[in-house]
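Everything below concerns the one structure shown next.
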Amino acid sequence: MPRTTAAARLALAARGCRGFVPPYLLRHLAEAAPEPTWSGTLAEDARLRGVRAATAPAPPPRALVGVAAWTVHDAAGSTDLPGRPVLRPGDPPTGDEAVDEAGAGVTASLALFSEVYGRDSYDDRGAPVSLSVHYGRNYANAFWDGTQLVFGDGDGRVFGRMTRAVDVLGHELSHAVTEHSAGLVYEGQSGALNESVSDVFASCLKQRLLGQEAAEGDWLVGAGLFLPGVAARGLRDLAAPGTAYDDPALGRDPQPGHLDDYVETDDDNGGVHVNSGIPNRAFHLAALAVGGTSWDGAGRIWYAALTGGLVGPRTDFAGFAAATVAAAGEHADAVAGAWAGVGVRPGTGSASGGPEPAGATSRVRVRRSGGFAGLTAAGELDLDSDDERRGEVAGLVDRIELGRLSGGPPRPDMFVYDFDVRGQHARLPEQDLTPDLRRLAELLLDPGDR
């Protein structure tokens, strides 16, 4: 594969790196045992998240006759991707465990999507897959950067190499599948679904390789990552979110398994790694209720929902649940019951951040979160009050149509705004505010500056 230029790689990385190890866990490790390993991994993750493309990403390359379906590269401890090509289909094992595990894992992952779901590579158009191993020094994470799969070797104390667990390979390739199908935006509930879909197909992959039925699987993701002495069964547990680990260095698994315990946070793009436990458990319950194997039973339903046109970039838990029920056929009641088991009613809307209730048309609210310091501010005004700002705010409100506005993904160290205007709601990142919305935010959040 031709070497990716620095500019092209940065543009592609802006599609959003989905780190396998969540940032809250890495921060806990850094606080529990300050050392260069964790600060280095966090710094590298921050650098990758901070990259933003100036132009639209190029489409993935097409596979040609005689060109390998995948290539494993050796980054040799650098962050210069992709590195030296070292393994392609048909080559003998190299003796490098990370290289050979990556080759076996991507082969099995592609086979799952091809043989079970009829998908031709991650884009369904035969794109060759590029993988890089030995990324960075003591880098304890893995990610899909919009153009390739990347795996670190771990820190050697808590985490081993990221290729040890085949479900990590499946998880990261599934992010590419989601990007090229529903395109679930990586924040809030849609971001938690993005993470969950990757855990779902990672579990299907692992159980398929082990020849297990759904009732026989351990439902752990990343079970092979932790080194001896770490009190962790895995990184996540789809059957029992919140129980995967409890270790002095790691802390305690914070995932909820029910919508009642949904974590409202500005951290980790709105808690995408934490709240994925809710749809994860829904899939586990569905897989048991449908019966048979996870990949051929509930997995087919989830794949049909992801690719069937009912799931879009901003779909929330309820919308995704409705899509799975619609795709379930004779198993519709079983799937609906699985979602009910985690407190999600298909098609009933988001758990939070929805529109104002009827009768709230005189209230105007703005909430700002994020930014470098992670601060939150909120303000509101009643248009029926005698507030001196009322005239200008009313004029702005008359021109604002929130239903016609849409924003892109949030950017690091920039704010995200929630607007409630006369019963309508919209969430927009700072860079997508119109002049009227920017002025409205100034009036309600910084009244002293008007």
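Side-chain N/O atoms of R438 and Y417 include no donor and acceptor closer than 3.5 Å. Side chain to side chain, Q148 and S132 meet the donor-acceptor criterion of an N or O pair below 3.5 Å. Judged by distance alone, the side chains of H134 and D96 do bring a donor and an acceptor atom under 3.5 Å apart. For the residue pair N280 / D199, a side-chain donor-acceptor distance below 3.5 Å is found, with atom types taken as modelled. For H175 and E195, the side-chain atoms include at least one donor-acceptor pair closer than 3.5 Å. Side chains of D418 and H425: a donor on one and an acceptor on the other come within 3.5 Å. Defined by atom type and a distance below 3.5 Å, a donor-acceptor pair is present between the side-chain atoms of Q207 and S294. For the residue pair W339/T324, the side-chain donor-acceptor check at 3.5 Å is satisfied. A donor-acceptor contact under 3.5 angstrom links the side chains of T107 and W70, judged on distance only.
Here the straight-line distance linking atom CG of N138 with atom CG of D155 works out to 7.0 Å at 0.5 Å rounding. Between T79 atom OG1 and Y135 atom OH the span is 5.0 Å, to the nearest 0.5 Å.
When atom types are taken as modelled, the side chain of D268 and the backbone of H273 share a donor-acceptor pair closer than 3.5 angstrom.
When the options T94, V99, D91 are evaluated for a side-chain contact (heavy atoms from CB on, under 4.5 Å) with V72, the one that passes is V99. Just one residue in the list L193, D260, V263, V342 forms a side-chain contact (heavy atoms from CB on, under 4.5 Å) with I278, and that residue is V342. For the ring-ring contact (aromatic ring centres under 6.0 Å, His included) criterion with Y122, the lone passing option out of W144, Y117, F113 is W144. Tested against L131, the residues T71, V150, L169 include a single side-chain contact (heavy atoms from CB on, under 4.5 Å) partner, L169.
The side-chain heavy atoms of L112 and S109, taken from C-beta on, include no pair separated by under 4.5 Å. Looking at V158 and F226, their side chains come closer than 4.5 Å, going by heavy atoms from C-beta outward.
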**OP:** Apply side chain to side chain contact (heavy atoms under 4.5 Å, CB included) to the pair R252 and Y245, showing each step before the final yes or no.
**Re:** CA-CA 6 Å; R252 185 173 181 177; Y245 57 84; 5.7 Å; no
Subject >> Q255 and S276: CA distance, side-chain angles, deciding distance, side-chain hydrogen bond (donor to acceptor under 3.5 Å, both in side chains) verdict >> reply: CA-CA 8 Å; Q255 279 203 316; S276 63; 2.9 Å; yes
Original post:
Yes or no on side chain to side chain contact (heavy atoms under 4.5 Å, CB included) for F320 and S196, after CA distance, side-chain angles and deciding distance?
Top reply: CA-CA 11 Å; F320 194 88; S196 177; over 6 Å; no
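Taking the six-membered ring where tryptophan is involved, the planes of Y262 and F317 are perpendicular, since the angle between them exceeds 60° and thus also 30°. Relative orientation of the F143 and Y139 rings is perpendicular, given thresholds of 30° and 60° on the angle between their planes.
Salt-bridge check for D153 with R137: failed, with every basic side-chain N at 4.0 Å or more from each acidic carboxylate O. Between R236 and D253, none of the side-chain N atoms (NZ, or NE/NH1/NH2) sits under 4.0 Å from a carboxylate O, so this pair counts as no salt bridge. Residues R164 and E97 are not paired through a salt bridge, judged by the lack of any N-O separation under 4.0 Å between the basic side chain and the carboxylate.
More than 12 heavy atoms of other shown residues, nucleotides or ligands fall within 6.0 angstrom of atom CG in D120.
The minimum heavy-atom distance between H73 and S130, with the atom names listed, is CE1-OG, 3.3 Å.
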